[in-house]
S.K.: 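Sharing a structure with you now.
Counting starts at 1 for both ligands and their atoms, following the listed order. Each residue takes its place number in the sequence, starting with 1. Model, not experiment: these values are computed from the prediction.
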Amino acid sequence: MIIDQLNEPVPGSSLLSTPTGDAYTDPTIFEREQAEIFEKMWNCVMREDSLATAGEWKTITIGREEIIVVRTRKSGIRAYYNVCRHRGMRVCTSGEGKNKTLQCGYHAWTYALEGDLVAAPNLTSMPDVDRKEYGLKPVHVRTWLGYVWISLADDPPSFDETVLGEVKTRFGDVESIDNYGVENLKCGESKTYDVQANWKLIIENFMECYHCATIHPELTEVIPEFADGLASQRKNGEVHGASFGDDIQGFTVDGSSGVSSLPAIAPGQDRKYYAITVKPQVFINTVPDHVIIHRMFPVSESRTIVVCDWLFQPQVIDEGMEIANSVELFHRVNQQDFEACEQTQPSMSSKAYDHGGALVPSEHHIEEFHQWWAARLGGNVPVPA
Ligand code: FES
Ligand SMILES: [Fe+2]
């Protein structure tokens, strides 16, 4: 069996097949995913305000590369491979810091925040060395929704067609997410989950709600329609937000009221939950009074770090308003989802899963994700028959 034949309908059945188990366990497939997906597409890596002042930097791993993200004095946020152009030592050897320049700890080659080589022992005796050419190798950077997005591709895919395209597909336009003013929100809580599961299991889980009635008691209380198993991401192909239950006051763990609604949301966005999957590693969840954003960082074929941020209007955070009940709802959802993914991962290498699993009709839209994944990998990844 090859990936080209994914999701063939089982004859006479309402089920579609999934990729075979080794798509979730084979290190060589994971390496191809790193090369063809994470090192080529746009990755949402950190909040812009986590680099508040010039000279602040953080390192982040994307695919198989370590990247320095730094706020410069005049050029906004820039990003570079964390590789010294002299003999290759990591320039930044810890996760974050603040410096006027970036200096390698081996032979002291020193780079401006804008990347140029500005100093090195005996550099003046080597006037032929071009300081730009021997500067840190840059990668492409964008900012959107108050986050830094990075692509390692020499020629990155169109941000409009890929990232914004996912929003258009979900909402029918980009303006609908603009209403939430996400770039002006402040992070009230951030949690990091170390999930022992393949990143694709986490995406597939996020895309369906067939599991909601079983594992998400609090969520289905707040959004009763989720108990029917239909994901809010689509309903009969139309833009659909999942409605709060009649007696529910807010998107909180006990249905009590949250904080006041974001000022510019449309009437149709009130008392509704929307979810968007931005492939390959972002989930955006919107509710009337806050926005929840997940960023995934695959570590191996069986381990994924997920960072989840809860974003509120700045005054909510600055004035110390109550957000614990809001945070707790999706924190529980995250724990429930990730536990399910972790309980699934070991079975991916079982003989019983050699031929993969099945998608029921309310999960059939996950086929699009599988086809996208197969296409990114060239459509001919061998998997056992
Ligand atoms: S390897 Fe960085 S200065 Fe030599
Ligand atoms: Fe879930």
S.K.: Identify whether L262 and Y147 are in the same connected component of the hydrophobic contact network (ILVMFWY, side-chain heavy atoms under 4.5 Å).
M.R.: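 Yes; Y147 is reachable from L262 via cluster members.
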
S.K.: Among residues two or more places apart or on two chains, list those pairs meeting ring pair (Phe, Tyr, Trp, His ring centres under 6.0 Å) that have a residue in residues 12-33.
M.R.: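 Every candidate ring pair (Phe, Tyr, Trp, His ring centres under 6.0 Å) pair involving residues 12-33 fails, so no pair, neighbours aside, qualifies.
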
S.K.: Which protein N, O or S atoms sit under 2.8 Å from atom 4 (Fe) of ligand 1?
M.R.: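 Less than 2.8 Å away from atom 4 (Fe) of ligand 1 sit H86 ND1, H107 ND1.
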
S.K.: Which protein atoms of type N, O or S are found under 2.8 Å from the Fe ion (ligand 2)?
M.R.: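 Per the 2.8 Å query on the Fe ion (ligand 2), atoms found are H211 NE2, H216 NE2, D337 OD1, D337 OD2.
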
S.K.: Listed by chain and number, what are the salt bridge (Lys or Arg N to Asp or Glu O under 4.0 Å) partners of E56, not counting sequence neighbours?
M.R.: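 E56 satisfies salt bridge (Lys or Arg N to Asp or Glu O under 4.0 Å) with no residue once adjacent residues are dropped.
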
S.K.: Does the cation-pi check pass for K98 over W57, that is, NZ or CZ under 6.0 Å from the six-membered ring centre and within 45° of its axis?
M.R.: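 No; the conditions do not both hold, so K98 does not lie above the ring face of W57.
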
S.K.: Is the ring pair F206/F283 parallel, tilted or perpendicular, if the boundaries are 30 and 60 degrees?
M.R.: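 Rings of F206 and F283: parallel, as their planes differ by under 30°.
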
S.K.: Look at the side-chain heavy atoms of Ile, Leu, Val, Met, Phe, Trp and Tyr, link any pair under 4.5 Å apart, and say whether W373 and I202 land in one connected group.
M.R.: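 Hydrophobic grouping puts W373 with I202.
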
S.K.: Check H331, R332, E339 against Q335 for a side-chain hydrogen bond (donor to acceptor under 3.5 Å, both in side chains) and give me the one that passes.
M.R.: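 Passing option: H331.
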
S.K.: Looking at CD of E218 and CD1 of I223, how far apart are the two atoms once the value is rounded to the nearest 0.5 Å?
M.R.: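 Rounded to the nearest 0.5 Å, the CD-CD1 separation comes to 12.5 Å.
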
S.K.: Which is it for W149 and W144 under the ring-ring contact (aromatic ring centres under 6.0 Å, His included) test, yes or no, and what are the steps along the way?
M.R.: CA-CA 7 Å; W149 299 68; W144 185 59; 5.7 Å; yes

